[in-house]
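We name chains A, B, ... by the order of the sequence lines, and we start the count at 1 in each one.
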Protein chains: 2
Amino acid sequence: MDQIDRKIVRALQQDGRMTVLDLAEKVGLSPTPCARRLDRLRRDGVITGYSAQVDPEKLGFGVTIFVSVELEKQDRNAIDAFERAILRCDEVMECYLMTGSRDILLRVVAQDLTAFDAFLENRLMQIPGIRNLRSNFALRAMVKRDVLPVET
Amino acid sequence: MDQIDRKIVRALQQDGRMTVLDLAEKVGLSPTPCARRLDRLRRDGVITGYSAQVDPEKLGFGVTIFVSVELEKQDRNAIDAFERAILRCDEVMECYLMTGSRDILLRVVAQDLTAFDAFLENRLMQIPGIRNLRSNFALRAMVKRDVLPVET
DNA sequence: ATTGAAATGTGGGAGCC
DNA sequence: GGCTCCCACATTTCAAT
């Protein structure tokens with residue numbers, strides 16, 4: 001991970017479909033070594049994939065909700081079981097294990113409040129071992145960034 | 001936005017560097033109309049860009065913090081001013097305006113706690129109009145998804 | 001060992017039907 | 001929505017530093 005690698009990562013976070021030629025020019029390399037570095041970054045798991053960024057509103061996902069979950073037990077098994085269950089919920093875009101009371105924080109997307117209610121009833125609350133839930137609704141996203149602040 | 005459009009969006013969220021040929025086959029179209037749909041989806045702002053997905057740990061961003069911000073005033077001007085200020089903070093990956101007490105929720109990434117402290121002192125707390133802050137630390141990400149649950 | 005250059009096969013874009 | 005041509009790109013091989 002030298003400076004050129006960081007430049008590659010930064011450029012591809014900004015434009016994931018950039019051609020190797022453009023990328024090579026941007027980082028000051030010829031295409032061949034640039035492509036090789038790209039392969040290496042993928043093999044090493046630095047770059048885990050490529051994704052189209054989509055406007056959730058345009059696809060009908062008008063609602064973003066943050067759900068705080070407290071488990072009845074906070075041991076390893078309980079957390080692992082919850083993690084396996086939450087991985088199967090496509091509406092959960094992010095899920096973080098938090099410090100403190102070892103709460104869990106979810107970012108959930110839904111088409112509307114009815115759909116979110118259905119998610120709560122039929123999905124989240126079906127997971128055993130949940131002590132309580134607290135939902136906080138987002139009015140809108142002010143910032144949604146996909147580029148880590150990589151220094152170059 | 002018909003079923004094929006949704007298939008295109010879904011496929012490109014899963015693999016943003018997929019070629020138009022592969023995409024066309026996947027959605028059951030020939031390449032030309034597939035490329036035309038792709039252009040339209042971009043012009044319409046459904047697809048807003050493409051991005052490489054990166055492992056934050058591998059780039060040294062080991063810390064994720066959620067910061068709740070309460071403003072002194074919650075009127076339009078105060079919120080707009082905060083939004084302009086927060087857009088200039090590269091460490092802020094997400095920022096949502098919340099319901100209720102019109103709190104603001106930030107997801108911040110940092111290299112370590114020292115760097116996060118510097119962000120708090122030199123960046124966030126320099127923004128005027130903040131009544132109080134509350135930081136919650138993530139131990140780890142259980143789920144980090146980039147694919148919206150688009151039905152096809 | 002890592003870069004740069006050249007050749008080949010494959011993909012993308014603009015016209016047409 | 002599908003087809004064809006042309007150019008540009010990616011990938012592989014080879015030579016050079």
Side-chain angles (χ1 to χ4, degrees), chain A residues 1-61 144-152, chain B residues 1-61 111 145-152:
Chain A
M1 279 300 302
D2 60 3
Q3 187 169 342
I4 294 179
D5 285 333
R6 284 191 288 272
K7 277 188 183 175
I8 290 175
V9 169
R10 223 163 80 97
L12 283 176
Q13 282 189 115
Q14 287 162 356
D15 178 7
R17 274 181 94 88
M18 178 179 287
T19 66
V20 176
L21 265 67
D22 289 342
L23 184 64
E25 190 186 9
K26 198 156 190 170
V27 304
L29 233 58
S30 83
T32 310
C34 185
R36 268 205 282 271
R37 279 167 181 268
L38 201 51
D39 287 343
R40 183 172 50 72
L41 288 168
R42 278 222 258 172
R43 278 200 316 276
D44 293 351
V46 178
I47 294 174
T48 56
Y50 298 90
S51 176
Q53 301 163 238
V54 168
D55 184 346
E57 309 271 348
K58 296 267 166 72
L59 288 176
F61 293 95
K144 183 82 178 66
R145 219 190 292 275
D146 296 277
V147 182
L148 287 166
V150 185
E151 305 279 346
T152 55
Chain B
M1 279 300 301
D2 60 5
Q3 186 170 341
I4 294 178
D5 285 333
R6 285 191 288 273
K7 277 188 183 174
I8 290 175
V9 168
R10 224 163 79 99
L12 282 176
Q13 281 188 116
Q14 287 162 356
D15 179 6
R17 274 181 94 87
M18 181 179 286
T19 66
V20 175
L21 267 66
D22 290 341
L23 184 64
E25 191 186 8
K26 196 155 193 173
V27 304
L29 232 60
S30 83
T32 310
C34 184
R36 274 204 277 265
R37 278 168 181 267
L38 200 51
D39 287 343
R40 184 171 49 72
L41 287 169
R42 278 221 259 170
R43 279 200 315 277
D44 292 351
V46 178
I47 293 174
T48 56
Y50 298 90
S51 177
Q53 301 163 239
V54 168
D55 184 345
E57 309 272 348
K58 294 268 168 71
L59 288 175
F61 292 94
Q111 317 229 358
R145 220 191 292 274
D146 296 278
V147 182
L148 288 166
V150 185
E151 305 279 346
T152 54

Looking at A:D5 and A:R37, does any basic side-chain N land under 4.0 Å from a carboxylate oxygen?
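Between A:R37 and A:D5 there is a salt bridge, with a charged N closer than 4.0 Å to a carboxylate O.
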Is A:D22 salt-bridged to A:R17, going by a charged N under 4.0 Å from an acidic O?
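Result for this pair is no, no salt bridge flagged.
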Quick one: which of [options] gets closest to the side chain of [X]?
{"X": "A:L21", "options": "C:dG4, D:dG2, D:dA10", "value": "D:dA10"}
{"X": "B:S30", "options": "C:dG4, C:dG11, D:dG2", "value": "D:dG2"}
{"X": "A:T32", "options": "D:dA10, C:dG12, C:dA6", "value": "C:dA6"}

What is the distance, rounded to the nearest whole Å, between atom [atom1] of [X] and atom [atom2] of [N]?
{"X": "A:D22", "N": "D:dA8", "atom1": "CG", "atom2": "C1'", "value": "11 Å"}
{"X": "A:D39", "N": "D:dT12", "atom1": "CG", "atom2": "P", "value": "8 Å"}
{"X": "B:L29", "N": "D:dG1", "atom1": "CG", "atom2": "P", "value": "6 Å"}
{"X": "B:E25", "N": "C:dG12", "atom1": "CD", "atom2": "P", "value": "13 Å"}
{"X": "B:L23", "N": "D:dG1", "atom1": "CG", "atom2": "P", "value": "13 Å"}
{"X": "B:R17", "N": "C:dG11", "atom1": "CZ", "atom2": "C1'", "value": "13 Å"}
{"X": "B:Q3", "N": "D:dG1", "atom1": "CD", "atom2": "P", "value": "13 Å"}
{"X": "B:L38", "N": "C:dA14", "atom1": "CG", "atom2": "P", "value": "13 Å"}

Has the side chain of A:T19 got a donor or acceptor atom sitting under 3.5 Å from an opposite partner on the base of D:dC9?
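Such a pair does not exist between side chain and base.
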Under 3.5 Å donor-acceptor pair, B:R36 side-chain atoms to C:dG13 base atoms
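Donor-acceptor pair under 3.5 Å: no.
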Between A:D146 and A:Q13, is there a side-chain donor-acceptor contact under 3.5 Å, judged purely by atom types and distance?
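Distance-only check fails for A:Q13 and A:D146.
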I want to check one thing: is the phosphate of D:dG1, taken as OP1 and OP2, less than 4.0 Å away from some side-chain N or O of B:R37?
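B:R37 to D:dG1 OP1/OP2: side-chain N or O found under 4.0 Å.
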Quick check: are there more than 12 heavy atoms from other residues, nucleotides or ligands sitting under 6.0 Å from CZ of B:R42?
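For B:R42, atom CZ is not crowded (no more than 12 foreign heavy atoms under 6.0 Å).
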Among B:K7, B:Q3, B:R10, the one residue meeting side-chain contact (heavy atoms from CB on, under 4.5 Å) with B:V27:
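Checked B:K7, B:Q3, B:R10 against B:V27; only one passes side-chain contact (heavy atoms from CB on, under 4.5 Å): B:K7.
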